[in-house]
2 protein chains.
Amino acid sequence: MVRAGHGEDRSTRERVTRAAVGLFAERGFNGTGIRDIASAAGLTTSTLYHYMTNKDDLLVEVMLGTITPLRDAALKIISEIDDPSVCLATLVEHHVWLHASDTLGTLVSDTELRALPAERRAQMVRLRDEYERSWHVVIHRGVETGVFDTLNPDLTARSLVQMATGVSHWFSAGGELSLTRLCHAYSDLALGLVRASRPGGVPIRRDDLTLPAPTHYLPDRPAT
Amino acid sequence: MVRAGHGEDRSTRERVTRAAVGLFAERGFNGTGIRDIASAAGLTTSTLYHYMTNKDDLLVEVMLGTITPLRDAALKIISEIDDPSVCLATLVEHHVWLHASDTLGTLVSDTELRALPAERRAQMVRLRDEYERSWHVVIHRGVETGVFDTLNPDLTARSLVQMATGVSHWFSAGGELSLTRLCHAYSDLALGLVRASRPGGVPIRRDDLTLPAPTHYLPDRPAT
DNA sequence: GTCTATATGCAGATAGAC
DNA sequence: GTCTATCTGCATATAGAC
C-alpha cells in the first residue's frame, strides 16, 4: 500500500515496521525515538529515513493495518448473518482473533490515537467509529427481535468492544489458552452480557451455535 | 499526602495537579512538556518546580490518587459482603462511580503506566494487581457456590475490569446519563456476563438486589 | 542504499537575583 | 515564591559523500 514502484528492499521495510510497532507498544509512540527504531531494525537513522517518510506515517501505517480489516469484516458480517446471536458471536470472535494474533499492532492502534496530529487522528477515529457502528447495529437488531435483553443498547455495544479489545493487553501466544478457545470463551461472555435467550427464556450459550471459523473473515492469511 | 509541613500555597499545588492530569489525558505523559503544564497552571517553569520535584512524581501522584481508593474499597467490599452477586455488583458500581467522576485521573492511571521508570512502574503494577485480585476472588466465590456460571473465571474477571474501566474513555458528566444510572447499567451487564442465577436457574438482575449506595465505599467526599 | 556529520529546536531541570 | 537566563542533552530530520 505504501511501497514505491521501484526495487526497494521489502524485507527491510517490514523489519522497520515490526521494530516500530514493538517499541510503540512497549514505550508508547512519544516515548520511542527515531534512534530506537533504527537500532532495533539494525540501521542508522539516515538509512531508516530511506524506508519511511516520517515517524507519524509509521504509526498511521500500523493503525490502518489493524483497523481496516476489522471494519471491512464487520460490514460483511452484519450484512451476511441475520441471526443476532450468531452475528454477535462472529463479530466477537473475529475481533478477538485479530487482537490476539496481533497484540502489538492492536494495542498501539487502541492507545496511540492521541499521538497523531489532528487531521490524521480524525481520519483514524472515523474508521474506528465506522467499525463500532456495526456492533451497535447487531445489538439493536437483537433487542428489537427480543433475542437480547439489555437496559442501554449503546452502552452495551461500547462495553462489548471495550471488553474484547482488552485481549491485546494480556494475551501471549505461548500461553495455556489457544486462540480458538480464547475466541470461544469471549463469545460466550458476550452472549451472557446481552442476555441472549430463546423465545422460552432459555439462555443461549456459545456451544448452542454454529459459527463460521474465526479465520473466515480475515483479509488474506492468518497473520502468522 | 504529599504536602510539606510549612506554609505552602495549597490551592496552587492543586492547580498544578489538575493542569497536569488534564494534559496527560489529552496528549499523553510523554506528549506533554513541562512548559505546557506550567502555562496551563499560569506559572513559569521555574515556579512550577517550586511545587513539584519532577515530572515523574506528578504522574505517580495522579496514579496513587486513583488506584489506592480502588484497592482499599475492594478489600473492604469482599470482606464485608458474602453474597457473590451483591458483592460483584458493589465492586462494579464503586469502580464505575470512581471512573466516571474522575475520568481524567483514571484514564491517565490506566494508560500511562509504561511512561514510568521501571521501579515506579513495578510499584504501580503491584497496586493494580492487588486491586484486580479482589475481582478474581468474587468470581471464584460465585462459581464455587454455583451462583455464577462461566467457562474461565480468570478471563472473566479480567474482562469485567476491562469493561468497567472503559467508562473513563467516553463518559462526560454533562451527558444524558446520570452517574447512578450508569452504575446501575454496568452492574446489570456484569451480572449477565457471569450468568448470575438463583438455584432454580432464574437469571439475577441488578433490580433484584439491594446494594449499598455507590458512594458508600468512597474514601472521604464524593470528588465533586 | 548506506554511511558520517550536522542542522535546528525543544526537552527536563537548575542558578541565582529579587 | 516568583522571576530571567541558561545549562545540557536528546529529539526529528537532512546534507551530501560514497
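Atom set for the values below is all heavy atoms of this structure, side chains included, hydrogens, waters and symmetry mates excluded. Chain letters run A, B, ... following the sequence lines, proteins first, then strands; residues in each count from 1. Everything numeric in this text was worked out from a predicted model, so none of it was measured.
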- prompt: In whole angstroms, how far is the C1' atom of C/dC3 from the OH atom of A/Tyr51?
  reply: 13 Å
field: Short side-chain N/O contact from B/Thr44 to OP1 or OP2 of D/dC3, under 4.0 Å
entry: yes
message: I want to know whether B/His95 and B/Tyr217 have ring centres closer than 6.0 Å.
response: no
message: Tell me the interatomic distance from B/Leu48, atom CG, to D/dT4, atom C1', rounded to whole angstroms.
response: 16 Å
B/His140 versus B/Asp154, side-chain donor and acceptor atoms under 3.5 Å: yes
Just the atom pairs and distances: protein N or O near nucleotides 13-15 of chain D's N or O, under 3.5 Å.
| unit_1 | atom_1 | unit_2 | atom_2 | d |
| --- | --- | --- | --- | --- |
| D/dA13 | OP2 | A/Tyr49 | OH | 2.8 |
| D/dA13 | OP2 | A/Lys55 | N | 3.4 |
| D/dA13 | O5' | A/Tyr49 | OH | 3.3 |
| D/dT14 | O4 | A/Ser46 | OG | 3.0 |
| D/dA15 | N6 | A/Ser46 | OG | 3.3 |

- prompt: How close or far is atom C1' of C/dT14 from atom CG of B/Leu43, stated in whole angstroms?
  reply: 17 Å
message: What I want to find out is whether B/Arg27 reaches B/Glu112 closely enough, with some N-O distance under 4.0 Å, to be called a salt bridge.
response: no
statement: Contacts satisfying salt bridge (charged side-chain N to carboxylate O under 4.0 Å, His left out) that involve residues 159-170 of chain A (not counting sequence neighbours) are none
Side chain to side chain, A/Tyr186 and A/Arg181, heavy atoms closer than 4.5 Å: no
message: Among C/dT2, C/dC3, D/dG1, which nucleotide has an atom closest to any side-chain atom of A/His50?
response: C/dT2
query: Is there a donor in the side chain of A/Thr66 and an acceptor in the side chain of A/Arg71, or the other way round, less than 3.5 Å apart?
result: no
